[in-house]
Amino acid sequence: MVLQGVVAVDGPSGTGKSTTARGVALRLGARYLDTGAMYRAATLAVMRAGVAFDATRTDAEGNDEAVAVAVAADLVMSTDPAEPRVLLAGEDVGAEIRGLEVTRAVSAVSALTKVREHLVAEQRRIVDETLADGAGIVVEGRDIGTVVVPDARLKIYLIASDHVRADRRTAEDASAGRTADAASTGADLARRDRLDSSRASSPLRAAADAVEVDTSVLDVDGVLDRLEDLAAERGMLTPALAQVGGGVPNGG
Ligand code: DC
């Protein structure tokens, strides 16, 4: 079966958003957009430009230069779930944007209202183009169901226990060659949760019509099965053959 329309996958860090969103896109022949990677790449652009940045301010005042750099960043996202890539000025920055320095700075840069406005517009453009192509798309982030695509036909809000989240992030860091221990990773997750949930501009929260899925009690296949069932219930799945040359209505 092939997915039509938009699946929004939101939730705090370490709840399995990337594994889930990418996995469901692969399973259902859809595109995949990692919006966190966009905020991370914009953050890297600001860091590389070496401009002054006041992490205590979320308005442009005092951060005009950082906002200008983030908004002007030449960012290209590939939406193939088999090989999701983030290009900054033509360079693949997939590994660098997940390093410690960007991870530490990203919540502050992503709290800047003007940066969010710019990236949200860019995310909507990618979603609209994908739908116009007749493909479905799974979009992961923090504000997809609430702000970016509020009319998405399926909204998922992932949760997981604190220790499961910290253990996952630590294992991810270790496998990517980054040293980390569960205690400091847990503290970093808590700090980012706080920043992401308390910012004025589209804070992290579940949409009223989102379905909560707890990834600490299901394995990956269990989570993917659940999402596939929910997409089927909403009439978002069509037989793969119907896709050949078929026009698909545009819409969330
Ligand atoms: O999902 P992630 O850890 O790669 O996201 C990186 C940061 O970007 C995260 O701390 C919050 C921010 N973010 C956001 O504000 N809005 C989104 N739609 C996605 C991510």
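Order of appearance sets the numbers: ligands from 1, and atoms from 1 within every ligand. Just the heavy atoms: all of them, side chains too, but no hydrogens, waters or symmetry mates, feed the values below.
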*Look at the side chain of Arg234 and the backbone N and O of Met236, then say whether any donor-acceptor pair between them is shorter than 3.5 Å.*
no

_Quick check on Arg199 - does any of its heavy atoms sit under 4.0 Å from an atom of ligand 1?_
yes

_Give me the residue, atom name and distance of the protein heavy atom closest to atom 1 (O) of ligand 1._
Arg142 NH1, 2.9 Å

*Would you mind checking which non-hydrogen protein atom is closest to atom 18 (N) of ligand 1, with the distance to 0.1 Å?*
Asp143 OD1, 2.8 Å

*Salt-bridge test for Asp34 and Arg40: reply yes if a basic N is under 4.0 Å from a carboxylate O, no otherwise.*
no

*Between the main-chain N or O of Glu140 and the side-chain N or O of Thr35, is there a donor-acceptor pair closer than 3.5 Å?*
yes

_Which residue and heavy atom of the protein sit nearest atom 10 (O) of ligand 1, plus the separation_ = Arg192 NH1, 2.9 Å

_Looking at Lys114 and Glu117, is there a salt bridge between them, counting it only when a charged N and a carboxylate O are closer than 4.0 Å?_
no

*Salt bridge between Asp225 and Arg27, side-chain N to carboxylate O under 4.0 Å?*
yes

_Location of contacts on Arg104 toward ligand 1, heavy atoms closer than 4.0 Å_ = neither

_Test applied, side chain to side chain donor-acceptor pair (under 3.5 Å); reference residue, Arg168; option that passes from Thr215, Thr15, Thr19_ = Thr215

_For atom 20 (C) of ligand 1, the protein heavy atom that lies nearest, with its residue and separation_ = Gly36 CA, 3.5 Å

*Starting from atom 16 (N) of ligand 1, which protein heavy atom do you reach first, and at what distance in Å?*
Arg116 NH2, 3.0 Å

*Looking at atom 19 (C) of ligand 1, what's its closest protein heavy atom, distance included?*
Thr35 OG1, 3.4 Å

*Starting from atom 12 (C) of ligand 1, find the nearest protein heavy-atom neighbour and note its residue, name and distance.*
Ser110 OG, 3.5 Å

*What is the closest protein heavy atom to atom 3 (O) of ligand 1, and at what distance does it sit?*
Arg40 NH2, 3.1 Å

*Please could you name the atoms of ligand 1 that Ser107 approaches to less than 4.0 Å, counting only its heavy atoms?*
10 (O)

*N/O separation below 3.5 Å, Asp196 to ligand 1*: yes

_Check: Lys17 side chain, Tyr157 main-chain N or O, donor-acceptor pair, under 3.5 Å_ = no

_Is it true that, when you exclude Arg178 itself, more than 12 heavy atoms of the residues, nucleotides or ligands shown sit nearer than 6.0 Å to its CZ?_
yes

